[in-house]
Amino acid sequence: MTLAPETAGATGSAPAASLAATLPGAFYTDPETFRQEQQHLFESLWFCAVRAADLPRPGAFRTVQAGRENVLIVRDRRGGFGAYLNVCRHRGARLCTEESGEVRRNLQCPYHAWTYDLDGRLVAAPNLQRMPDVDRAERGLLPVRLREWLGYVWVCLADEPPSFEETVIGAVSERLGGAEAIGRYGIDGLALGRRITYDVRANWKLIVENFMECYHCATIHPELTDVLPEFADGFAAQYYVGHGAAFADEAEGFTVDGSGGFARIPGIGEDQDRRYYAITVRPQVFLNLVPDHVIVHRMFPLAADRTVVECDWLYAPEVVASGADLSRSVELFHRVNTQDFAACERTQPAMDSRAYRAGGVLVPSEHHIADFHRWVIRLLPGAPDPPEIPGVPGTPRAPAARPRDGGTSASP
């Protein structure tokens, strides 16, 4: 088990400093910093785009915003998926203007009717037969790298994507102490019980930082701390490899009132029963694991001060098919989300204040957030250097170039 930041100095010759520096306020408001994040994070790392089951048949599609690019994911005729930049190769019109939909055979641009098959190949256009020199494969849609994992489609816009195994699967393995722990939940076989989309008027990093710490839990999460009492002490559960927060003795399930939930997902062992595990997969996914369901957050940063979060509650298929009442189960984390996002929105305006120009501070139970800050800076060669705060340890300067593998995606 990894030492928590508040105890890490206990075995050394000198205690760790009580306060550590955060990123300065401009990192949360500056449009140029956000553009750098779009380029070097969201367009360079693996991005969880869509739940595979949302595209049940050939021709079903969905569009998502990944950094500065709009990406089209479509189910092909072989039952697999294709991902493409959502741009017609003729004059650059957006090919699919709806967020989701279904086509019978092909994808057709609404501007000049250039038409592509589900594999992205140009198959028709007005007067195309009069242009025999046009290479239909070359003029096809521009593909995007794609992987399926945990029942979701992940995309990467980089010419040379980082290792999916090292960055995405590695993040989960590092947090849980091994990849086999996530496999026991059978997430790719679970069914969608509820989805709620939140439009949060806050920078995406504020949301990540909030999810990583529990210093705030006793203040704003009464329902959560009733079920997970260790969170009331500000316990940074994500810092501990393999640790899951234990349910309260009186809590029967992970529900808003502590009442019983549903049968344990097959495959989950006694060591994972009555425990909650939180995992951050950088840059934009949160996984929440409890014995009878899984909650997946996907963030879609749209501006320096706006982030759309899509949250899925996943259950065993028989639970959803039975029409069981999911409300008490869903309501617990819906309240947590609402409380967290309100806190982030309350923080965002102050990022522009002179009072936060040099940033704020992290208390010992939040020191692991500094690793997230270092990770961001390491990937942003164009980001401004954070200032030093007298008496508070600063943040390392950004290097001249981004590491080829994009760094680790693992949570502290």
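All values below were derived from every heavy atom in this structure, side-chain atoms included, with hydrogens, water molecules and symmetry-related copies excluded. Residue numbers start at 1 and run along the sequence shown.
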**Report entry** Proximity of F247 and Y276 rings by center, below 6.0 Å
**Finding:** no
Query raised in the report: Is the backbone N or O of R68 less than 3.5 Å from a side-chain atom of E43, with the two atoms forming a donor-acceptor pair by type?
Result: yes
Query raised in the report: Got a sec, which residues hit side-chain hydrogen bond (donor to acceptor under 3.5 Å, both in side chains) with R78, two or more places apart in sequence or on another chain?
Result: D76, D119
Report summary line: Here the pair of heavy atoms bringing M299 nearest to V309 is CG-CG2, 4.0 Å
Query raised in the report: Between E37 and K205, does at least one N-O distance fall below 4.0 Å, as a salt bridge requires?
Result: yes
**Report entry** Any donor-acceptor N/O pair, T225 side chain to P229 backbone, under 3.5 Å
**Finding:** no
Query raised in the report: Is there a donor-acceptor pair closer than 3.5 Å between any side-chain N or O of D325 and the backbone N or O of S327?
Result: yes
Query raised in the report: Sub-3.5 Å donor-acceptor pair from the side chain of Q348 to the main-chain atoms of N203, do we have one?
Result: yes
Report summary line: Across all chains, not counting sequence neighbours, the ring pair (Phe, Tyr, Trp, His ring centres under 6.0 Å) partners of W154 are F164
**Report entry** Whether Y28 and Y356 hold their rings parallel, tilted or perpendicular, with breakpoints at 30° and 60°
**Finding:** perpendicular
Query raised in the report: How are the rings of H90 and W114 set relative to one another: parallel (under 30°), tilted (30 to 60°) or perpendicular (over 60°)?
Result: parallel
Query - Lys/Arg-Asp/Glu bridge criterion (N-O < 4.0 Å) met for R201, D305 - result: no
**Report entry** Verdict with reasoning, R298 to D312, per salt bridge (Lys or Arg N to Asp or Glu O under 4.0 Å)
**Finding:** CA-CA 9 Å; R298 284 170 292 137; D312 292 346; 3.3 Å; yes
Report task. For atom CG of D271, decide whether the heavy atoms of other residues, nucleotides or ligands shown that lie under 6.0 angstrom number more than 12. Result -> yes
Query raised in the report: With a cut-off of 6.0 Å (strictly less than), are more than 12 heavy atoms of other residues, nucleotides or ligands near CZ of R105?
Result: no
**Report entry** Within the 6.0 Å centroid threshold, strictly below: F300 and F47
**Finding:** yes
Report task. Just do the ring pair (Phe, Tyr, Trp, His ring centres under 6.0 Å) check on F333 and H297 with the steps written out, would you? Result -> CA-CA 11 Å; F333 228 91; H297 294 73; 5.6 Å; yes
Query raised in the report: Between the main-chain N or O of G360 and the side-chain N or O of T22, is there a donor-acceptor pair closer than 3.5 Å?
Result: yes
Report task. Mark yes when over 12 heavy atoms from residues, nucleotides or ligands other than E180 sit less than 6.0 Å from its CD; otherwise mark no. Result -> yes
Query raised in the report: Within the distance-only criterion (no hydrogens, no angle test), does the side chain of R89 pair as donor or acceptor with the backbone N or O of G140 below 3.5 angstrom?
Result: yes
Query raised in the report: Pairs in or reaching into residues 171-199: which pass ring-ring contact (aromatic ring centres under 6.0 Å, His included), with residues at least two apart or in two chains?
Result: Y198-H334, Y198-F341
Query raised in the report: When you measure from the side chain of R121 to the backbone N and O of E138, does any donor-acceptor pair fall under 3.5 Å?
Result: no
Query raised in the report: Got more than 12 heavy atoms from elsewhere within 6.0 Å of CG, D159?
Result: no
